[in-house]
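Working notes for the structure below.
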Amino acid sequence: MRNLRLNSDSRRAARGDRAGALIRTGRILSRLGYLDEQFCQVEDLQDEASPNFAEEVATLFFKDSARLISNVEQALEKYPKDFNRWDAYMQQLKGSCSSIGASRMKSECMSFRDYCGQGNVEGCMRSFHKVKREHGALRQKLEAYFQLLRQAGPAGAATRPGM
């Protein structure tokens with residue numbers, strides 16, 4: 001009986017360590033500027049009925065943002081120097097970034113839009129490459145974060161990262 005209690009106590013301690021790692025992971029993502037308070041608000045909407053809500057929102061974000069990035073890419077190729085069109089597509093992507101709290105991506109979308117306003121093709125291209133790079137980095141970070149949440153189980157899933 002005592003061994004059984006020790007095993008369950010050690011499992012709880014391990015789960016607590018994972019929860020602490022999750023908190024640190026969330027804080028790091030925030031400090032690095034990948035995420036902002038909006039992501040915390042999305043996580044706050046999770047409950048027993050929808051324990052994976054933030055992950056589901058992130059999955060939808062990445063599907064939608066990949067489509068929007070493709071739209072921008074096509075517009076850059078098909079409509080050279082059509083800054084109004086480029087800006088309109090990037091505005092949609094910026095809005096999507098805002099909704100999930102993807103702050104680094106959002107910031108780069110704003111830079112792209114500034115370059116559009118200046119009529120600076122080279123600036124737009126550089127900025128667009130940064131948007132795509134930030135998109136990939138955020139995807140990797142959030143996939144790893146949600147993997148940790150799944151491994152931590154219910155105790156870890158209930159712990160919101162302090163961002």
Exercise for the section: Please work out whether the ring planes of Phe39 and Tyr145 are parallel, tilted or perpendicular, with thresholds of 30° and 60°. Expected result: perpendicular

Practice task
Using the test salt bridge (Lys or Arg N to Asp or Glu O under 4.0 Å), find all partners of Glu143 that sit at least two apart in sequence or belong to another chain.
Solution key: Arg139

Problem - Closest non-hydrogen atom pair between Gln147 and Arg150, with its separation - result: OE1-NH2, 3.0 Å

Problem - Interatomic distance, Asp36 atom CG to Cys97 atom SG [nearest 0.5 angstrom] - result: 10.0 Å

Practice task
Hey, could you give me the CG/CD distance between Asn71 and Gln92, rounded to the nearest 0.5 Å?
Solution key: 7.0 Å

Practice task
Run the numbers on Leu60 and Ile100 for side-chain contact (heavy atoms from CB on, under 4.5 Å), then give the verdict.
Solution key: CA-CA 10 Å; Leu60 291 172; Ile100 194 169; over 6 Å; no

Exercise for the section: Write down the atom of Ala102, the atom of Leu138, and the distance for their closest heavy-atom approach. Expected result: CB-CD2, 3.5 Å

Practice task
Would you confirm whether Ser70, through its side chain, and Ala66, through its main-chain N or O, come within 3.5 Å as a donor-acceptor pair?
Solution key: no

Practice task
For side-chain contact (heavy atoms from CB on, under 4.5 Å), just list the numbers for Tyr34 and Glu134, CA-CA rounded to whole Å, side-chain angles, deciding distance to a tenth of an Å, and then say yes or no.
Solution key: CA-CA 8 Å; Tyr34 286 101; Glu134 291 299 335; 3.7 Å; yes

Exercise for the section: Report the C-alpha separation of Val121 and Phe83 in whole Å, then their side-chain angles, then the decisive distance to 0.1 Å, and conclude whether the side-chain contact (heavy atoms from CB on, under 4.5 Å) test is met. Expected result: CA-CA 8 Å; Val121 173; Phe83 295 105; 3.5 Å; yes

Practice task
Nearest 0.5 Å please: distance from the CD atom of Glu108 over to the CE atom of Met90.
Solution key: 8.5 Å

Practice task
Write down the atom of Tyr115, the atom of Gly123, and the distance for their closest heavy-atom approach.
Solution key: CD1-O, 3.2 Å

Practice task
Find the distance between OG (Ser107) and NZ (Lys94) and round it off to the nearest 0.5 Å.
Solution key: 10.5 Å

Practice task
Quick one: do Cys116 and Phe112 satisfy side-chain contact (heavy atoms from CB on, under 4.5 Å)? Show the steps, please.
Solution key: CA-CA 6 Å; Cys116 282; Phe112 179 96; 3.4 Å; yes

Handout entry: Nearest atoms (heavy-atom pairs only) where Leu142 meets Ala58
Key = CD1-CB, 4.4 Å

Problem - Transitive ILVMFWY side-chain link Met110 to Leu93, under 4.5 Å - result: no

Exercise for the section: Return the minimal non-hydrogen interatomic distance between Ser96 and Phe61, and the atom names on each side. Expected result: OG-CD1, 3.3 Å

Exercise for the section: State, with a plain yes or no, whether a side-chain heavy atom of Tyr79 is found less than 4.5 Å away from one of Gln74. Expected result: no

Completion exercise
Here the pair of heavy atoms bringing Ser98 nearest to Gln38 is O-CG, 3.2 Å

Completion exercise
One should read off an interatomic distance between Arg104 CZ and Arg133 CZ, to the nearest 0.5 angstrom, of 9.5 Å

Practice task
Answer yes or no: is there a side-chain heavy-atom contact under 4.5 Å between Arg67 and Asp64?
Solution key: yes

Problem - Atom pair CD1 (Ile69) and NZ (Lys132), whose distance is rounded to the nearest 0.5 Å - result: 8.0 Å

